[in-house]
Chemist: 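Here it is, the structure, as structure tokens.
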Amino acid sequence: MFRRLRSLARILWSRDQFEEGMSDELRFHIEQYTRELIGKGVAPQEAARRARLEFGGVNSVQEECREARGLQAIDTVSRQFRHAFRALGKTPKFTATALLTLAICLGANLAIFGVVDCILLRPLPFPEAERLVTIFNSYPKAGVDRDGSSFTNYYERRGRIPALSGLAMYRYETAVVGESGATERREIARVTPEFFEVLGARLKGRSFTEEETTPELNSVVILTEAWWREHGKPELGTQIRLNGVARSIIGVLSPDFHFLSSRARLFLPLSSTPEQRSPRQRHNGGNARHLIARLKPGASLNQAQAQIDAQNAALGAGTAEEKMEIEAGFRSVVAPLHADHVATVRPVLLWMQAGALVLLLIGGVNLTNLLLIRANSRVKELSIRHALGASRMHITGEIAVETTMLTVAGGLLGLAAGAAGIHLIKFLGADRLPLGSAIALDVRIAGVCVAGAVCLGILFSIPIAWFSLRARRTRGAHSDSRGGTSSPAAQRLRHAFIVLQMALSVVLLSGAGLLARSLEQAMATSPGFRADHILTGEISPAWAKYGSWQTRLALNEALLRKLSGQPGVAAAGLVNNVPLSGNDGKSAATVKGRVAQAGESTRGHYAYGVDGEYFTAMGFTLLQGRFLTGVDSRRNDRVCAVDEDFARYYWPGADAVGQQLFRGSRQEADSEAFTVVGVVAAVKQAGMTELAAQGAVYYPYAHRGDDRLFVAIRTSVAPEALALALQKTVREVDPDLPVSNIRAMETLISDSLVTPRAAAMMAGIFSGIALALSAIGAYGVVSYSVTQRRREIGLRMALGALPAQIRTQFVNLAFRLLIGGILIGTVGAFLMGRAIKQLLFGVSPAHVPTMVGAALLLVLVSLLACVVPAWRASQINPLQVLAEE
Amino acid sequence: MPEKRLTEVLPGTLDMLILKAVSLNPLHGYGVLQRIHQISGEALNIPQGSLYPALYRLEHQDLITAEWGVSDNNRKAKYYTLTPAGRQRLREETAGWYRLSKAIAAALNTTREEV
């Protein structure tokens, strides 16, 4: 079998050579025989004649030879290909419409699938990545669904959870890398020793040791291959300066290392003090440190979860605060690493894919309809060919070849459209989604697309072949009566298809409408402050240089003084976390003297440390009392401001100003209390669509600073114009302090809406295409109906019907189809609205104006498409039609 | 014409005869005809039209291979040789043929007494 295939392949490879060789060989034979006959004394002319005669028909011998080498089937197929090519070329309008439909529908699916594959389907680039999990703490009743893990969690669990073969902790940071004067800010990660082993990452050199996790011995670094290569491939053991401290390179990761969406290129040991590892700190996770683990072979996620739950239960509640944490619904959740990382974008992506599939369905239905109409107009041709001896098999094969050729060509165009679509999706911001940086069209997906196109072709040929063969049998060669209408069954099928197509378009259109309205609502939502004319930037002062509070506050003071003096700066402030920065960790606050009510647990609140004119710079609304200013930080007073949500929750109906509270989740000594001096409006921290009113507390920076420092400037000019000045000013204060993420607040807001915006845009594009396809479908059906009824129209007009009556007849047909489509579509739109509820913001899933708008748009476009053929019907010349008979 | 009096080739034996002919030495198509004619004591003659499809079939089955060469009268010609698989096939077919012809001969030679 294999040998024959090889022989066939060889011939196909050099088909011309094969044909030429065969002719040469046969000619040689005849010549030899002629010679022999001449040798026997036959006259040359007679010899040639006899040799030819005895050899037989050269053509039939050649045909038999080809057949002997298995070429006949291929010849038949290639003939069918040529035939199909000619047939498609004869109807350029149909072919172009079909190709365009396929290219767009397949391209849209391909582009979306490229994203879905890259983000949701492709496993993480680690061996047996499906066994990687993450573990996080959750305090749902405190409004904190997700907190990181504490060092205590890590050390208590390490080696004690039988279902896990390894456990590691990491946190992201930024660091200043390089010698003084030539520094760059880099994203880094701090990781525990087993981190790379848990992932199964390969590395040259060694990983961190246990000793290196104590702060004093923390002087080593591991690099990614990219950073190592770009910095002249230093030897292992070479020293590089990080945050002003020299560290020696002990390892370089393999080039394919990629941890989730992290852009960290340098890895340091995650060090901690014995105090940080103590049981007192068990619930002090913060949202910065995260656990990853690898399940043992054969162990399940549920086993790991059960073992962690059992351990948490066994550790129990040592202190009163811990009891409160447990009452806040404390649980450590074990989740698959990949799924957890992409959980936020999963629904959007899946719905986008569903939308693309609906589009493909509409396109497919449309194409089937066009193919059916086309097949109907060829019934006569087929019956003649059948009469001339073409078999059913042959006709079916021909239809399959023609349809498949069409879909494969459409598929190839779809590949190009998909490649362009992926660029568009990236442009819309998909590369900022988790794991989105790797989005690309790969060979595998392209292969699936082409294979899909072939399947599609075969699928389409089934109804067409069935229809063609059936129509031939019922109508036969007597279908020369031009006026004969097509069979009622075929017509019903075509009309049902159009109704389905219109219904799906209504569904897509209202989906797009709902998403657009949600986006509009989200954009119209006030962030709680005046977002215009604000420039923000992030600074991370190195602990080595700014370890003490005095140095930190001195830095703040210098920065604020310099920044306020800049032309164009109306107010400058500093804060440890700006709204929409992506960091939405919460911490506890306890109101002095408050006794928790039954069933009430601690609540997580946003906690800020502010310095300078932060509130003025951000344009906060003051509701009561006064703003905190730089003076509060300098004076070291224990004062704070709270937002309206906080005030309403703890002091409903009472005056918040003058009340006292503690940081943390317990009552402390009176000297630790902070006095509320002002109440400000609530701001959106986690995102514009954030609904829960979590409450926020603003402390003077001196009391609530951390290693992140954001600058916020209210500008009197366009904020971006001050970006360079901001950078320069900060460098003047300290040349080793680069500013990163310099963005206008409005950009930050608009960036935070990248997912809903991309979704709304894609849905808009899809529904636009669906609308166009529906219009093409309606046009095709009405136009076909006009052609079919030419004779009837001619007769009626000859008997005195007015052109307007004829027009109305066809517009009515379009209306009947539309009413069906819209009725079904509205039900579908209603169901779809409920299904995509989680993607909506500020708009009801059954938003009537959106549905009515979608339906009206479809009516308008479809009627426009039907006016042309209806008008053509009214222009039919009765004399001409009757003369054709 | 003398050929008319010659025996027709039995169906199914053409392949075997071709294999035998090219097993002796490489031959072009016309040479195969002549060789079969010669080694059969001028008794067998192959219909010229059926020779080439048979050759192509055997080549397709990898029992013989073809190579372009130069004929006695300096013309380009395609020469066929036996492949190892072809040699094996020839052995099998030869053995099979002997068995068959012996059986047929035995059957035909049977007399009334032997029944």
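Convention: sequence-line order gives letters A, B, ...; per-chain numbering from 1.
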Chemist: Less than 3.5 Å apart, any donor N or O on the side chain of A:Gln62 or A:Glu19 sitting next to an acceptor on the other?
Modeler: no

Chemist: As a quick check of understanding, evaluate side chain to side chain contact (heavy atoms under 4.5 Å, CB included) for A:Thr407 and A:Val454, giving each step before the final call.
Modeler: CA-CA 7 Å; A:Thr407 54; A:Val454 172; over 6 Å; no

Chemist: If contact means a heavy atom pair closer than 4.5 Å, which residues of residues 99-110 of chain B contact chain A?
Modeler: none

Chemist: Going by distance alone, is a donor N or O of one side chain under 3.5 Å from an acceptor N or O of the other, for B:Glu92 and B:Gln88?
Modeler: yes

Chemist: Can you check side chain to side chain contact (heavy atoms under 4.5 Å, CB included) on A:Phe113 and A:Val448, steps first, answer last?
Modeler: CA-CA 11 Å; A:Phe113 185 71; A:Val448 170; 5.6 Å; no

Chemist: Would B:Gln48 and B:Tyr30 count as having a side-chain donor-acceptor pair, cut-off 3.5 Å?
Modeler: no

Chemist: The criterion is salt bridge (Lys or Arg N to Asp or Glu O under 4.0 Å); which residues satisfy it with A:Arg27, sequence neighbours excluded?
Modeler: A:Asp24

Chemist: Salt bridge between A:Arg86 and A:Glu402, side-chain N to carboxylate O under 4.0 Å?
Modeler: no

Chemist: Starting from the C-alpha separation in whole Å, work towards a yes-or-no answer on side chain to side chain contact (heavy atoms under 4.5 Å, CB included) for A:Cys65 and A:Val61.
Modeler: CA-CA 6 Å; A:Cys65 288; A:Val61 169; 4.2 Å; yes

Chemist: Would you please go through residues 67-84 of chain B and name the residues with a non-hydrogen atom below 4.5 Å from one of chain A, in numerical order?
Modeler: B:Trp68, B:Ser71, B:Asn73, B:Arg75, B:Lys76, B:Ala77, B:Lys78, B:Tyr80

Chemist: Would you kindly say whether B:Ser23 and B:Arg87 are connected by a side-chain donor-acceptor distance under 3.5 Å?
Modeler: no

Chemist: Can you label the angle between the A:His29 ring and the A:Tyr33 ring as parallel, tilted or perpendicular, going by 30° and 60°?
Modeler: tilted

Chemist: Taking non-hydrogen atoms and a cut-off under 4.5 angstrom, which of residues 49-56 of chain B neighbour chain A?
Modeler: B:Gly49, B:Leu51, B:Tyr52, B:Pro53, B:Tyr56

Chemist: Nearest 0.5 angstrom please: B:Thr13 OG1 to B:Leu44 CG, how far?
Modeler: 7.5 Å

Chemist: Output yes when B:Glu93 and B:Lys20 qualify as a salt bridge under the 4.0 Å nitrogen-oxygen rule, no when they do not.
Modeler: no

Chemist: Contact part of B:Leu33 toward chain A, heavy-atom cut-off under 4.5 Å: side chain, backbone, both or neither?
Modeler: side chain

Chemist: Between B:Ile46 and B:Gln34, does a side chain to side chain contact (heavy atoms under 4.5 Å, CB included) hold up when you go through it step by step?
Modeler: CA-CA 9 Å; B:Ile46 311 291; B:Gln34 288 177 313; over 6 Å; no

Chemist: Determine, for B:Arg89 against B:Asp15, whether the closest basic-nitrogen to carboxylate-oxygen distance falls under 4.0 angstrom.
Modeler: no

Chemist: At a 4.5 Å cut-off on heavy atoms, which part of A:Glu31 comes close to chain B: side chain, backbone, both, or neither?
Modeler: side chain

